[in-house]
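Scroll down for the structure; my scribbles are underneath it.
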Number of protein chains: 2
Amino acid sequence: MEQKRSDIIANQIEELIFDGTFSDGERLDEVQLSERFAVSRTPIREALLRLAQSGLVEHFPRRGVFVRQPGPIELLEMFEVMAELEATCARFAAARISDAAIQELNDTNKRCNAAVEAKDADRYYLENERFHAILYKESGNSFLEQECLRLQRRLQPFRRTQLRLRGRLKQSMHEHEEIVAALEDGDSQAAADAIRDHVAVQGEKFHHLMARLKTAAE
Amino acid sequence: MEQKRSDIIANQIEELIFDGTFSDGERLDEVQLSERFAVSRTPIREALLRLAQSGLVEHFPRRGVFVRQPGPIELLEMFEVMAELEATCARFAAARISDAAIQELNDTNKRCNAAVEAKDADRYYLENERFHAILYKESGNSFLEQECLRLQRRLQPFRRTQLRLRGRLKQSMHEHEEIVAALEDGDSQAAADAIRDHVAVQGEKFHHLMARLKTAAE
DNA sequence: AATATCTATCTTGTATACAAAAATATTGAC
DNA sequence: GTCAATATTTTTGTATACAAGATAGATATT
């Protein structure tokens, strides 16, 4: 399945929003964007339409599209839902998971650990995402898997800042191991609780997220 | 927030898919649709793009868009996720719900019952959806609420056939009352379990859904 | 000076035009 | 008659043109 030009543009605009080039509330001008990407307005409009659907921008008919970063409350809500979805994945997976998948989770954790040692943040993020992605898949529910991936993608830029917390990496790795242990035991309740706590924004994580939102607002 | 033309068209095409005018796997021709709706291809394309995002049609670049009704497995998966999402709503709501909302749920149930007595199916569906919508809202998590509404909307045509089951209506009403009772007690576990069972596709409901899929395939 | 209204300009939404890729038909070879 | 290669037609994707709504600025009025 090849990508359309407008899909590529949508991803690039998304990136520009995430990296702060376009800030919250800013209007995205169709002609400006078409000049920037050296295409006509048509693919730009399609891209913006897609972003509006995903909730990253808001579309007001005849007025334009505006960047719409989630505020602190919405962000907490999204993390809460993510935690519940992942907990559901874990609950399902505890009954259905294969030995091969357990092994795969352990391998990913090892690579994760190696990345921590090497202080390779990008590699860590990648392996971390992979760990979660395996869990989604092992829920045995493809639709649930897709929904999780969608929300994970949406939360990605915020999740990354979460992990920058001092000492969070080792703690996070420990939680991963706990999750795998619960899955191995087939203890669905423990697995669900472990991942819920792992994903949820609480305690120190909460303050860090709030701090990051403040700096991002400037 | 007024609607764009392409939004209206998207909803109409959606309706045409639901009512069987366009069947599964069928290609949706842009020019044919533009003639049918007496507009140019532009708003048609925007509508199709939106439907592709929501998953109702599949878009293959340079080849067209095709109706993509969920198969039995995907449908079961979607109902499973819906059940979990609603269970989460109930769990949250059990702690947060207000007396006024409890009253609202009871009122809606009364109107639901009245619709059953009057054999007014449309009215029943409406009130039933309202019952669930109140629950989503009372979760206290707007993002969760929106996600639930989105999936509810997607499952709507299938949910309706679910309820046509003989005797299902009264059973369903009883379950509603059980849910409210659990919420009133603040028993989050009971509320979650009650709504999960209420939404889940199992037993008789499963066979009915399969039967409906077979007839729809013809 | 402040506000209201009219006008000019800008921007979006829709229609049409064009280019490139895919599907289909046609012709020719075996 | 079947298969392959090529030509034709369709159909999508993109660019441009045009129309109507929204914004902003200028002028007039109180």
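This one's a predicted model, so the numbers in the text were calculated from it and none came from an experiment.
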*Report the residues that fulfil salt bridge (charged side-chain N to carboxylate O under 4.0 Å, His left out) with E26(B), sequence neighbours left out, ordered by chain and then residue number.*
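None.
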*Residues in salt bridge (charged side-chain N to carboxylate O under 4.0 Å, His left out) contact with E80(B), at least two apart in sequence or another chain*: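 Applying salt bridge (charged side-chain N to carboxylate O under 4.0 Å, His left out) to E80(B) gives R96(A).
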Test side-chain contact (heavy atoms from CB on, under 4.5 Å) applied to [X] - qualifying residues, sequence neighbours left out:
X	value
R63(B)	F60(B)
L16(A)	D19(A), T21(A), F22(A), R36(A), F37(A)
D99(B)	none

*asked:* Is the phosphate of dA15(D) approached by S40(A) (side-chain N or O, under 4.0 Å from OP1 or OP2)?
replied: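 Yes, such a contact exists.
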*Using a cut-off of 4.0 Å between protein heavy atoms and nucleotide atoms, how would you tag nucleotides 7-13 of chain D 5' to 3' with B, S and -?*
----SBB
*In whole angstrom, what separates I8(A)'s CD1 from dT14(D)'s P?*
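Going from CD1 in I8(A) over to P in dT14(D) covers 9 Å.
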*asked:* Between C1' on dT14(D) and CD on E35(A), what's the gap in Å once rounded to a whole number?
replied: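 Value for this atom pair: 17 Å.
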